[in-house]
Protein chains: 2
Amino acid sequence: MAPREYGQYCGITRALELVGERWALLIVRDLLVGPRRYGELAAGLPRIPTNVLAARLKELQEAGILRRAPRSRVIVYELTPYGHELEPVVLALGAWGFKALDDPRDEQIVTPDSITMSLRTAFRPQVAAELPSTVYGARLGPDELLIRVAGPTLDVARESGPADLAFATGPGIHRLISGELAPDRAIATGVVEVLRGRGDLLDRFASTFHLAA
Amino acid sequence: MAPREYGQYCGITRALELVGERWALLIVRDLLVGPRRYGELAAGLPRIPTNVLAARLKELQEAGILRRAPRSRVIVYELTPYGHELEPVVLALGAWGFKALDDPRDEQIVTPDSITMSLRTAFRPQVAAELPSTVYGARLGPDELLIRVAGPTLDVARESGPADLAFATGPGIHRLISGELAPDRAIATGVVEVLRGRGDLLDRFASTFHLAA
DNA sequence: CCGCATCCCATGTGATACTG
DNA sequence: CAGTATCACATGGGATGCGG
């Protein structure tokens with residue numbers, strides 16, 4: 001038997017053999033947002049050694065989870081349909097781990113892809129369906145996200161554009177999503193800085209994206 | 001920063017820091033079935049080095065996922081409420097990995113706890129609710145499981161007792177659950193051996209426990 | 001025996017340098 | 001830009017020891 005196998009005939013062990021290695025599910029997390037080039041993956045996972053990234057990509061490809069796809073002269077990595085089926089796993093992990101987040105430390109970064117998956121985790125379709133469609137523009141450091149909520153559907157794109165509410169924030173937004181911090185307090189304390197639009201729309205945001213701690 | 005941390009402020013990375021180490025989620029898998037002693041965990045994970053088991057138990061305890069509980073002179077490990085919240089993660093992983101199972105190899109074992117969690121993964125409450133309550137007795141090598149399906153609820157216990165259908169089987173049962181093998185074919189080919197009761201109840205079993213490949 | 005702790009070695013990981 | 005090569009080190013795997 002291969003030394004890194006668990007020796008059990010079981011779905012969970014099989015899953016862990018395929019995506020249980022260090023960094024593997026984080027690569028999947030970023031690819032769930034969209035196809036990514038090697039350098040984009042490396043940028044979204046700043047602490048991954050480049051040889052490990054290369055090794056994981058090879059393993060995940062051999063496992064049928066992702067594929068290298070040539071896109072007009074450059075190569076992108078994209079999930080296969082089977083790889084995409086990991087989304088429930090990643091969302092469940094994210095929801096569980098969210099509750100174990102303590103206050104952010106300085107060296108902890110927030111990447112656009114990680115925020116995007118966090119928003120997908122915290123998104124409450126049934127609540128959103130009852131609210132008017134809304135576009136939020138979020139600036140996180142140098143990155144901008146356009147968060148479109150239309151009925152029960154969510155779309156998060158890495159672009160800028162017109163928004164009903166544009167705000168700048170950082171890791172502290174997790175306290176807004178957890179309900180630990182009320183929207184008006186978030187604005188008052190500077191955790192969220194309103195750039196354009198009606199600040200009271202942050203109430204709607206907090207209702208739409210919520211994950212109890 | 002601790003060297004084994006990912007350096008991101010994100011629920012998924014946090015989750016992987018807590019339960020992403022090798023063997024950790026398999027320990028959780030077995031504890032989801034019930035409290036277990038050190039030796040029981042070691043027996044259910046025959047390939048885990050004993051020092052790694054001890055290390056994981058310590059880490060999972062510090063993370064608030066499990067606790068050591070004295071039970072009448074012996075110590076058992078049991079999940080905390082927060083640890084129990086990993087069940088959706090484990091079930092999602094199991095459902096995904098189930099589809100990647102190929103034919104079992106000789107050295108791959110099936111443990112009572114892994115089978116129990118597989119049954120929980122494959123259980124279809126809405127289908128079961130439409131069927132009469134049924135008790136199945138499954139013998140897997142030396143182990144016996146009593147599988148009680150009552151309405152939309154499932155209970156799997158490691159004991160023997162009266163059953164509407166008692167059968168012996170092995171890893172090949174996964175082909176029954178995946179639908180790859182019809183119930184009558186499973187009996188005909190010896191994948192499932194009926195010990196007592198009406199063999200046609202295996203149809204009901206296959207309807208109740210199903211996970212498409 | 002059960003519940004670990006210790007030792008040793010193979011392997012995986014991390015940091016850095018390097019190449020097509 | 002997209003990886004490969006190299007090397008130090010941490011972790012995992014396997015055997016064994018050992019106290020209660």
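Here is the naming used below: chain letters follow the sequence lines, and residue numbers restart at 1 for every chain.
In this model, the phosphate group of C:dG14 is approached by a side-chain N or O of A:W23 to a distance below 4.0 Å at OP1 or OP2.
B:T134 and B:R204 are linked by a side-chain donor-acceptor pair at a separation below 3.5 angstrom, with hydrogens and angles left out of the test. Side-chain atoms of A:T111 and A:S114 include a donor-acceptor pair closer than 3.5 Å.
Atom CD of A:E5 and atom P of C:dG12 are 12 Å apart (whole Å). Atom pair B:I27:CD1 and C:dG3:P shows a separation of 14 Å (rounding to whole Å applied). To the nearest angstrom, C1' of D:dG14 lies 13 Å from CZ of B:R22.
Using a 4.0 Å cut-off between a side-chain N of Lys or Arg and a carboxylate O of Asp or Glu, A:R36 and A:D113 qualify as a salt bridge. We find that A:R68 and A:E62 are not joined by a salt bridge, their nearest charged nitrogen and carboxylate oxygen being 4.0 Å or further apart. Under 4.0 Å is where a charged nitrogen must lie from a carboxylate oxygen, and between B:E59 and B:R22 no such pair does. Between B:R67 and B:E78, at least one side-chain nitrogen of the basic residue sits less than 4.0 Å from a carboxylate oxygen of the acidic one, meeting the salt-bridge criterion. Here A:E193 does not pair with A:R139 in a salt bridge; the nearest charged N to carboxylate O distance is not below 4.0 Å. Ion pairing between A:R47 and B:E5 fails under the 4.0 Å rule for side-chain N and carboxylate O.
Near DNA chain D, defined here as any heavy-atom distance below 4.0 Å, there are no residues from residues 60-78 of chain B. Contacts of residues 32-58 of chain B with DNA chain D (heavy atom under 4.0 Å): B:R47, B:P49, B:T50, B:N51, B:V52, B:R56.
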